[in-house]
Every structure is written in structure tokens, then in C-alpha cells.
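Working notes for the structure below.
We count residues from 1, following the sequence as given. Model, not experiment: these values are computed from the prediction.
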Amino acid sequence: MNILELFAPIRTFVFDVDGVLTDGTLLLTEEGNMLRSMSIKDGYAMQLAIKKGYKIWIISGGKSEAVRTRLNALGITEVHIGIDSKKEFFYAITLANKTSLDTILYMGDDIPDYAVMQLCALPCCPADAAPEIKQVAKYISPIAGGKGCVRDVIEKVLKLNGDWDLPQ
């Protein structure tokens, strides 16, 4: 089977934050703030996917309100932070949104993502994910976390479905 065949039916993207939308690095300030960086290219792809009618859900164990603010600004309303059991929450949000597991891509990078990745149609991870996560991923992006791996998977889905627009 061609790996791209798994991307075409995807309608919902679920992303972890640290290690996927960020490179997993935390910069600590003297004031005690924890700073992260995110890829603008990932942001572009996420906002385009939303405009095209795809769903994006964020499920993170982290508790950064700055992350919520950034993602809300991109049009992502399902930003769930401080989640202890990603598997239980994933089940709940899937049922609440009446979303088929066959249409969900999940991208995670570390052990807290392991159980959820076994539930969705297309488990994916960045190039620098933990070895255990790479073992359960059906697609390993050649791009590291926080460096455009999210855009990589979104772009594949949108292009396969004729939704990746170039300016006229």
C-alpha cells in the first residue's frame, strides 16, 4: 500500500504541543516563565486546514495559556491543555464530536502519546520522536518537532483532497 492512501480520508488532525508544535525546548526566564517557539509554517497550514473545513484538536499535558492564545488566534477552538490522560480525553472528544476514528490523524512525539496513537487511523510523529513512538507511527515525518512536521502532514492531506491553494 502507498502511504499516501492513508492521508486522503483524514478530516481531523490531532496534535500534541511540546515536541510536535514546538521543538520540545523550554527557555526559562529569571521570572520563572517558560518560553516555547512554534513554526510559522505549521501555523499557516493549520489555519488553511480550518478554512477548508478540516478539524484541528490540540491535546496537551502542558498548561501554557500562551499556547492556547497562539492557537486560538489561528482559528483553533479545540485547544485542550493540562490533560492528564490523553487516551480518555481522546475518546471523549471523539464521541462528543461524532468523529470516526477512520478520519483522524494524530501526531505525537513521546510516551504520553503512545496509547492515543494506537486508536486513530493515521498515527504520525516528527523525525525526532521517541523510539517507542516511531514504532507505532504509520508515518514518520522527515521534519523535526517545531520545525514544520505539522505542515508536512497537513499539506499531504490538503493536496490529496485538492484543498491546497496557491495564490492566483
Side-chain angles (χ1 to χ4, degrees), residues 7 10 12-52 54-94 104-120 122-159 164:
F7 283 87
I10 299 302
T12 301
F13 298 94
V14 184
F15 298 113
D16 176 34
V17 175
D18 291 319
V20 174
L21 286 167
T22 77
D23 67 4
T25 301
L26 288 176
L27 299 175
L28 306 175
T29 68
E30 289 299 321
E31 296 79 25
N33 295 316
M34 292 183 278
L35 307 176
R36 298 162 171 85
S37 65
M38 293 183 171
S39 168
I40 293 295
K41 290 179 180 168
D42 286 347
Y44 173 78
M46 289 189 290
Q47 61 84 29
L48 179 60
I50 290 167
K51 285 179 184 173
K52 294 293 182 172
Y54 295 82
K55 297 178 197 168
I56 296 182
W57 303 339
I58 305 300
I59 303 175
S60 176
K63 297 177 177 140
S64 170
E65 285 301 322
V67 167
R68 182 191 311 276
T69 300
R70 164 69 178 148
L71 297 173
N72 286 166
L74 294 172
I76 302 168
T77 57
E78 296 280 354
V79 180
H80 305 280
I81 59 177
I83 304 301
D84 291 326
S85 173
K86 290 185 179 186
K87 181 180 178 181
E88 287 179 28
F89 188 84
F90 179 78
Y91 270 131
I93 193 172
T94 301
I104 299 176
L105 176 155
Y106 184 97
M107 182 174 260
D109 72 303
D110 212 344
I111 302 304
D113 303 304
Y114 186 86
V116 180
M117 290 178 70
Q118 296 181 325
L119 302 175
C120 67
L122 185 51
C124 300
C125 68
D128 57 346
E132 297 88 346
I133 298 304
K134 288 181 174 181
Q135 288 177 353
V136 296
K138 290 183 182 174
Y139 175 75
I140 300 171
S141 174
I143 304 167
K147 305 297 182 191
C149 62
V150 167
R151 178 175 176 144
D152 177 37
V153 295
I154 291 175
E155 188 173 333
K156 281 177 176 40
V157 171
L158 271 59
K159 282 184 174 178
W164 188 259

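Here the shortest heavy-atom pairing between Gly19 and Pro126 reads O-CG, 3.3 Å. For the pair Cys125 and Gly108, the tightest heavy-atom approach, listed with the atom from each and the gap, is CB-O, 3.1 Å. Of all heavy-atom pairs between Cys149 and Gly146, the closest is SG-N, 4.4 Å. Nearest approach of Thr12 to Ile10, heavy atoms of both residues: O-CG2, 3.6 Å. Smallest separation of non-hydrogen atoms from Ala137 and Ile140: CB-CG1, 4.1 Å.
Side-chain contact between Ile59 and Val116: absent, with no pair of heavy atoms (C-beta onward) separated by less than 4.5 Å. Val17 places a side-chain heavy atom less than 4.5 Å from the side chain of Met38. Contact annotation: the side chain of Leu21 never approaches that of Arg70 to less than 4.5 Å [non-hydrogen atoms, C-beta and beyond]. When side chains are defined from C-beta on, Asp109 does not count as touching Asp128, because their heavy atoms never get closer than 4.5 Å. Contact annotation: the side chain of Leu158 approaches that of Tyr54 to within less than 4.5 Å [non-hydrogen atoms, C-beta and beyond]. Counting heavy atoms from C-beta on, the side chains of Leu122 and Val157 never come closer than 4.5 Å. For the pair Gln118/Pro123, no side-chain contact is recorded, criterion being any heavy-atom separation below 4.5 Å from C-beta on. In this structure, the side chains of Phe15 and Leu71 stay at 4.5 Å or more apart for every pair of heavy atoms.
Note: Thr29 OG1 to Leu35 CG = 6.0 Å, rounded to the nearest 0.5 Å. Here the OG atom belonging to Ser64 is positioned 8.0 Å from the CG atom belonging to Asp18, to the nearest 0.5 angstrom.
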### Task
Take Met34 and Leu28 through the side chain to side chain contact (heavy atoms under 4.5 Å, CB included) test and state the conclusion after the steps.
CA-CA 5 Å; Met34 292 183 278; Leu28 306 175; 3.3 Å; yes

### Task
May I have the step-by-step check of side chain to side chain contact (heavy atoms under 4.5 Å, CB included) for Cys124 and Leu105, ending in yes or no?
CA-CA 7 Å; Cys124 300; Leu105 176 155; 3.8 Å; yes

### Task
Evaluate the criterion side chain to side chain contact (heavy atoms under 4.5 Å, CB included) for residue pair Arg36 and Leu26; output intermediate values, then yes/no.
CA-CA 6 Å; Arg36 298 162 171 85; Leu26 288 176; 3.7 Å; yes

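Among residues two or more places apart in sequence or in another chain, the salt bridge (charged side-chain N to carboxylate O under 4.0 Å, His left out) test is passed with Arg68 by Glu65.
Note on residues 57-78: no pairs pass ring-ring contact (aromatic ring centres under 6.0 Å, His included), not counting sequence neighbours. A side-chain hydrogen bond (donor to acceptor under 3.5 Å, both in side chains) check over residues 146-155, counting only residues at least two apart or in different chains, returns the pairs Tyr139-Asp152, Ser141-Asp152, Arg151-Glu155, Asp152-Lys156, Glu155-Lys159. Note on residues 131-140: no pairs pass salt bridge (Lys or Arg N to Asp or Glu O under 4.0 Å), not counting sequence neighbours.
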Which atom pairs, donor and acceptor, lie under 3.5 Å between side-chain atoms of residues 85-93 and protein residues at least two apart or in another chain?
| unit_1 | atom_1 | unit_2 | atom_2 | d |
| --- | --- | --- | --- | --- |
| Ser85 | OG | Glu88 | N | 3.3 |
| Lys86 | NZ | Asp16 | OD1 | 2.9 |
| Lys86 | NZ | Asp113 | OD1 | 2.7 |

Would you give me the side-chain donor-acceptor pairs under 3.5 Å for residues 74-82, sequence neighbours excluded?
| unit_1 | atom_1 | unit_2 | atom_2 | d |
| --- | --- | --- | --- | --- |
| Glu78 | OE1 | His80 | NE2 | 2.5 |

